[in-house]
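Worksheet: one structure, shown below.
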Amino acid sequence: MDIIELKSLDAYYGNKKILNNINMKIKKNKITAIIGPSGCGKSTLLAALNRMLEENGGSTQGEIKFDGKNILSYSKDDMRKRIGIVFQKPAPFPMSIYKNLTYAPMYYGIQNRKKLDEIVENKLKVSGLFEEVKKDLNMSALRLSGGQQQRLCIARALTVEPEVLMLDEPCSALDVKNTANIEEMLLKLSENYTIIIVTHNLQQAKRISDYTAFILDGELVEYDETETIFNAPRDKKTREYIEGIYG
Ligand code: ADP
């Protein structure tokens, strides 16, 4: 089943066209990787999907459908809630671990302390952090290691029960072990969430994603099952990128 559909999507910053005529359908509860050289428009695509692009001074033409309806028919708040995002550099709020995880649920109206405690415990468990931090929930999140901070940011994004989790180069500041932790977590999460991950790391796309989209200069060159993209790409440009000829 498709959860997101892009139809003839163009994206702009000012007059500059960043994405050109993107058509793609994103499958529910699968991991979709977006690959392509720096500056090709991968982050712009993520920003378009949850209506962040408009706030960054960008605009779109064409259509993005979420659950069958144009995303413009949802409020920006609602889109942010349904499609969460985690960025490259882990950026916990400068407050306690507990408050990092209750901030968004409280914003969306949950006041009940027991309910908030449950959310905190549940999301820390999902992100594999619970055992490491259960005695220190009031500690500043900024005292966690980089890998722990990134897992906290993923846990935080999940506190409002999004349907889609987007990650923009989530492991590029992490070492091999922390990267492996996050990849394992994403594989588990894909049972319940749709995951879209922008990555420079082609091996990572190959290891964890079901589908891969290759973008070059704002164009979707090829989009297919990951196995096909890596083993039998149709387009010469995809093959060259996979082989490391450019990018
Ligand atoms: P990628 O994620 O593939 O590295 P981006 O989507 O970040 O690419 O950038 C695509 C293009 O959009 C680049 O040319 C970049 O300079 C431009 N761009 C990104 N953000 C902005 C912005 N806020 N204002 C103007 N141009 C931007």
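All values below were derived from every heavy atom in this structure, side-chain atoms included, with hydrogens, water molecules and symmetry-related copies excluded. Each ligand, and each atom within it, is numbered from 1 in the order the structure gives. Every value quoted in this text rests on a predicted model; they were computed, and no experiment measured them.
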Atom OH of Y108: over 12 foreign heavy atoms under 6.0 Å: yes
May I ask you to identify the nearest protein heavy atom to [atom], giving residue, atom name and distance to one decimal place in Å?
atom	result
atom 27 (C) of ligand 1	Y13 CD1, 3.2 Å
atom 7 (O) of ligand 1	S43 CB, 3.7 Å
atom 8 (O) of ligand 1	G41 N, 3.2 Å
atom 12 (O) of ligand 1	I18 CD1, 3.3 Å
atom 1 (P) of ligand 1	G39 N, 3.4 Å

Can you name the atoms of ligand 1, numbered from 1 with element, that are less than 4.0 Å from a heavy atom of S38? 4 (O)
Residue T44 vicinity, atoms of ligand 1 by number, heavy atom under 4.0 Å: 5 (P), 6 (O), 9 (O), 10 (C)
Closest to atom 3 (O) of ligand 1 among E55, K42, K16 (heavy-atom distance): K42
[Y]/[X] salt bridge by N-O under 4.0 Å criterion:
X	Y	value
K27	D2	yes
K123	E161	yes
E55	R80	yes

4.0 Å protein heavy-atom contact status of atom 15 (C) of ligand 1, strictly under: no
Parallel, tilted or perpendicular for Y241 and F214, by the 30°/60° rule? parallel
Going by the 4.0 angstrom heavy-atom rule, the piece of P37 near ligand 1 is backbone
Given side chains that start at C-beta, do those of K25 and I4 come closer than 4.5 Å, heavy atoms only? no
So do the side chains of L101 and L152 get within less than 4.5 Å of each other, counting heavy atoms only? yes
Answer yes or no: does an N/O atom from C40 fall short of 3.5 Å to an N/O atom of ligand 1? yes
Give the C-alpha distance, both sets of side-chain angles, the deciding distance and a yes or no for side chain to side chain contact (heavy atoms under 4.5 Å, CB included) between M95 and Y103. CA-CA 10 Å; M95 47 180 83; Y103 191 90; 4.1 Å; yes
